[in-house]
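Please read all numbers here as calculations on a predicted model, not as lab measurements. Letters A, B, ... mirror the listed sequences (proteins, then strands); counts begin at 1.
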Protein chains: 2
Amino acid sequence: MPGILSAIQEQIDTMNPKEKDIAGYVLAHPHHIIQMGITELAQQSGGSTATISRFCKLFHFAGFTEFKLKLAAELAQQTDTQSYQDIVAGNPLERIVSAMESNHVRSITDTTRMLDLKQLQKAIDALKSARQIDLYGVATSGLIAQDFYQKLIRIGKRAVTFSDPHMQVTSASNLTKQDVALGISYSGETSETIAALRCAAENGATTISLTKFGTNTLTSLADISLFTSTLEEGMRRGDMASRIAQLHVIDILFVGLISDQFDDLVPRLEQSFQMVKKYR
Amino acid sequence: MPGILSAIQEQIDTMNPKEKDIAGYVLAHPHHIIQMGITELAQQSGGSTATISRFCKLFHFAGFTEFKLKLAAELAQQTDTQSYQDIVAGNPLERIVSAMESNHVRSITDTTRMLDLKQLQKAIDALKSARQIDLYGVATSGLIAQDFYQKLIRIGKRAVTFSDPHMQVTSASNLTKQDVALGISYSGETSETIAALRCAAENGATTISLTKFGTNTLTSLADISLFTSTLEEGMRRGDMASRIAQLHVIDILFVGLISDQFDDLVPRLEQSFQMVKKYR
DNA sequence: CAGTAATACGAAAATTATTTTCATCCATGA
DNA sequence: TCATGGATGAAAATAATTTTCGTATTACTG
């Protein structure tokens with residue numbers, strides 16, 4: 001099941017009644033949707049065009065048309081790509097390897113399909129002009145933050161990240177309008193990260209979220225929302241594929257950030273590499 | 001070369017001048033079209049909305065919207081394994097995204113091809129029976145070590161990792177025959193990691209290396225050698241794809257390690273998953 | 001070299017689709 | 001019971017697309 005449909009599936013419990021009706025219809029007849037207009041879908045699903053339009057925005061689409069477009073793209077992809085493989089007990093090693101491979105690859109390709117270039121560009125622009133960049137995340141997402149931190153430092157950007165939640169908030173409270181804060185959390189509901197990003201927002205910093213696709217608290221606090229694909233409901237994953245997808249997005253941000261200065265910066269990257277060699 | 005685009009290509013000679021302009025634009029920027037409205041496309045391609053609408057009907061689409069939808073579906077299908085794409089200055093964001101996608105996917109699939117199941121199984125067995133696991137790595141590889149560390153801790157394995165090289169060696173010098181040390185370094189020539197793994201080996205610990213494919217110092221110190229794929233020489237990467245490949249191998253190790261206790265352990269790993277349920 | 005016919009083309013009207021506004025309804029809790 | 005707030009759809013507003021229609025241009029004919 002592709003990303004959008006599983007995202008709908010996952011959020012269906014949190015929806016309003018009519019939204020549930022619509023979600024149900026979409027899940028039942030995904031291929032149908034893409035040939036319909038919003039009016040027809042309203043009749044079929046028992047909702048109104050207004051509710052459908054709102055429904056699409058739940059998933060951060062610009063509107064119904066974009067929803068349809070992305071859905072069409074995903075459904076087209078589904079036929080020729082493997083679906084996620086669940087990892088179960090007692091697998092022979094060979095099956096584990098193949099399951100990990102397909103899950104990780106899926107995670108990257110699904111996330112790519114889901115990317116909103118405009119949001120991405122906004123995020124890159126914000127990072128580019130930031131005086132100071134704060135990165136928030138705990139546990140696995142904390143490592144993603146550190147990864148980005150290492151990259152930013154290497155190109156001479158002022159950035160910080162903390163594993164201590166108190167330090168995160170302390171740092172956030174010192175941000176200004178010229179600064180950027182990036183909150184990373186797969187679920188989008190990690191309380192420490194939410195607290196830090198909220199604090200950053202209140203101080204006027206530009207806030208960016210990186211979470212799984214859909215509506216969540218972290219996203220609602222962010223000026224700019226970035227998403228990774230949602231894994232299927234019930235998929236046992238242990239943060240593995242999601243982390244790969246997050247790194248994928250981080251890499252895109254980073255390369256986007258340096259691309260127009262690429263020729264200047266790459267030597268510096270090499271240089272900082274040499275520096276380490278020289279001084280160790 | 002999806003069907004629609006090649007159909008356009010094929011018919012381009014028989015088209016009217018303005019239609020040719022439009023065709024040219026579509027062929028040059030197919031991915032762009034999907035995000036445009038008919039008005040914007042008219043401006044960009046130097047035609048009018050009327051001509052575009054007629055253009056779409058040339059190919060028997062109901063209209064522009066259907067054309068866009070079908071095009072989106074076709075473009076999504078391009079699943080082929082591309083070769084690594086170098087990332088160069090001034091790329092439009094779209095190309096960066098696609099380059100990162102193909103590099104990361106390649107990195108995973110190539111690494112999978114390269115895996116030696118016997119070595120992998122030996123590594124898993126060693127980790128499984130280890131009293132204590134030491135993980136060594138600096139900079140980007142240090143984060144991979146920390147990632148593995150977090151996973152091991154969550155399943156109750158005794159493991160440590162240090163960013164400080166002195167601590168690494170100190171820890172290594174306390175290992176015994178019952179212990180396992182894993183050294184991570186893309187090049188296999190990072191002196192801190194080499195020093196730590198050498199120390200571990202001298203104390204009788206089972207040593208595992210994770211490096212790029214080939215011969216290198218770290219591998220020569222290891223009882224068990226694991227490899228990631230080598231990126232093309234001269235590829236500018238900033239440690240991006242290699243890190244994904246390393247995580248891929250780590251994940252396989254980890255799942256292999258816990259697979260016979262999978263059902264007990266996985267719920268414990270799914271922190272974020274539980275969180276969502278709890279908050280709603 | 002007219003004159004005519006056919007076609008390409010875009011401006012703008014017409015149509016259609018989508019989003020937003022706003023009034024109403026309904027559930028919830030004081 | 002009465003606010004209150006949120007969900008909802010009717011209808012207005014807006015946006016997007018298609019069609020119509022008149023002009024311009026080319027091609028063809030006598």
Side-chain angles (χ1 to χ4, degrees), chain A residues 4 8 11-26 29-73 116-119 214-217 219-221 225, chain B residues 4 8 11-26 29-73 279-280:
Chain A
I4 294 173
I8 294 173
Q11 292 205 171
I12 203 165
D13 294 330
T14 72
M15 289 179 189
N16 297 324
K18 284 290 164 184
E19 287 170 348
K20 270 185 198 167
D21 292 351
I22 295 162
Y25 189 88
V26 173
H29 315 278
H31 287 275
H32 245 239
I33 305 292
I34 59 185
Q35 293 166 306
M36 290 178 170
I38 196 172
T39 318
E40 196 182 346
L41 174 57
Q43 287 162 355
Q44 296 291 321
S45 66
S48 67
T49 61
T51 307
I52 291 172
S53 183
R54 282 188 290 258
F55 174 85
C56 296
K57 290 184 179 164
L58 267 187
F59 300 95
H60 307 276
F61 294 113
F64 178 67
T65 312
E66 190 184 322
F67 170 74
K68 234 169 47 172
L69 209 73
K70 291 279 168 65
L71 187 62
D116 181 333
L117 288 183
K118 294 203 184 83
Q119 292 286 303
T215 303
N216 57 62
T217 308
T219 291
S220 69
L221 294 172
S225 300
Chain B
I4 295 174
I8 294 173
Q11 291 199 30
I12 202 166
D13 293 330
T14 71
M15 288 178 190
N16 297 325
K18 285 289 165 183
E19 288 171 348
K20 272 185 198 169
D21 291 350
I22 295 163
Y25 190 88
V26 173
H29 315 277
H31 287 273
H32 245 239
I33 307 292
I34 293 169
Q35 294 167 306
M36 288 178 173
I38 196 171
T39 317
E40 196 183 346
L41 175 56
Q43 286 165 353
Q44 296 290 321
S45 65
S48 68
T49 61
T51 309
I52 291 171
S53 184
R54 283 189 289 258
F55 173 86
C56 297
K57 293 186 177 162
L58 271 184
F59 301 94
H60 308 280
F61 294 114
F64 179 66
T65 311
E66 189 184 324
F67 170 74
K68 233 168 52 170
L69 209 72
K70 292 281 166 61
L71 187 62
Y279 272 86
R280 297 292 173 180

Quick one: side chains of residues 35-45 of chain A, donor-acceptor pairs under 3.5 Å with protein atoms, not counting sequence neighbours, listed by atom name and distance.
unit_1: A:Ser45; atom_1: OG; unit_2: A:Leu41; atom_2: O; d: 2.7

Problem set entry | Value in whole Å for how far the C1' atom of C:dT18 lies from CD of A:Glu40 | 15 Å
For this session: Starting from C1' on C:dT19, measure out to NZ on A:Lys57 and report it in whole angstrom.
Result: 6 Å
For this session: Please state how far atom CD1 in B:Ile38 lies from atom C1' in D:dA15, giving the value in whole angstrom units.
Result: 13 Å
Problem set entry | Distance in angstrom units between A:Phe64 CZ and D:dA16 C1', rounded | 14 Å
For this session: Measure the spacing between NE2 of A:His60 and CD of A:Glu66 and express it to the nearest 0.5 Å.
Result: 11.5 Å
For this session: Send over the distance from B:Ile33 CD1 to D:dT17 P, rounded to a whole Å.
Result: 12 Å
Pairs under 3.5 angstrom only: tabulate donor-acceptor contacts from the side chains of residues 46-54 of chain A to other protein residues two or more places apart or in another chain.
unit_1: A:Ser48; atom_1: OG; unit_2: A:Thr51; atom_2: N; d: 3.3
unit_1: A:Ser48; atom_1: OG; unit_2: A:Thr51; atom_2: OG1; d: 3.1

Exercise. Between atom CG in A:Leu69 and atom P in D:dT17, what is the gap in whole Å?
Worked result: 11 Å
Problem set entry | B:Glu66 CD to D:dT17 C1', straight-line distance once rounded to whole Å | 14 Å
Seminar exercise, completed: B:Tyr25 meets the ring-ring contact (aromatic ring centres under 6.0 Å, His included) criterion, sequence neighbours left out, with B:His29
For this session: Could you tell me which residues satisfy salt bridge (charged side-chain N to carboxylate O under 4.0 Å, His left out) with A:Lys68, sequence neighbours excluded, listed by chain and number?
Result: none
Problem set entry | Annotated protein contacts, base or backbone, on nucleotides 8-14 of chain C with a non-hydrogen cut-off under 4.0 Å, one of B, S, - each | SBBB---
Exercise. Mind checking what makes ring-ring contact (aromatic ring centres under 6.0 Å, His included) contact with A:Phe64, not counting sequence neighbours?
Worked result: none
Problem set entry | Distance, rounded to the nearest Å, where B:Phe67 contributes CZ and D:dT18 contributes C1' | 16 Å
